[in-house]
Amino acid sequence: MNLQMRLKDEWRLGLSEGFDQGRAEGRDETMLSLIHTLQIQGQTQKQIVETLALMQKSSLAEAQRYYDQLTEAASGGEH
């Protein structure tokens, strides 16, 4: 493999990783917006976590960890 091919492969890998990271960040922003909307509508944390679990097809424990991660990041880690 010559240098030009290697650089092109590394560029493609970086581009792919950037897209993946962007999708994850976009998903997190969307889910955080959903959490805030559900809070405004008066849902409890338990109800919100149950909704996240259903949406993500995950366990309640995984949904709770995701909820904690998003809300902690949004508050600047002030939990």
*Any side-chain heavy atom of Asp68 sitting closer than 4.5 Å to one from Gln45?*
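Touching, per the 4.5 Å side-chain cut-off.
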*Which residues pass the side chain to side chain donor-acceptor pair (under 3.5 Å) test with Gln47, sequence neighbours left out?*
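Gln47 satisfies side chain to side chain donor-acceptor pair (under 3.5 Å) with Thr44 only.
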*For residues Val49 and Ala63, report the shortest heavy-atom separation together with the two atoms involved.*
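Heavy atoms of Val49 and Ala63 come nearest at O-CB, 3.5 Å.
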_Summary of side chain to side chain donor-acceptor pair (under 3.5 Å) pairs that have at least one residue in residues 51-62, sequence neighbours excluded_ =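 For residues 51-62, and leaving out neighbouring residues, there are no side chain to side chain donor-acceptor pair (under 3.5 Å) pairs at all.
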Output side-chain donor-acceptor pairs under 3.5 Å for residues 27-38, partner residues at least two apart or in another chain, one line each.
| residue | atom | partner | partner atom | Å |
| --- | --- | --- | --- | --- |
| Arg27 | NE | Tyr66 | OH | 3.3 |
| Asp28 | OD1 | Tyr66 | OH | 2.6 |
| Thr30 | OG1 | Gly26 | O | 3.0 |
| His36 | ND1 | Leu32 | O | 3.4 |
| Thr37 | OG1 | Ser33 | O | 2.9 |

*Hey, could you give me the CD/CD1 distance between Gln64 and Ile48, rounded to the nearest 0.5 Å?*
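Taking CD in Gln64 and CD1 in Ile48, the distance rounds to 10.0 Å.
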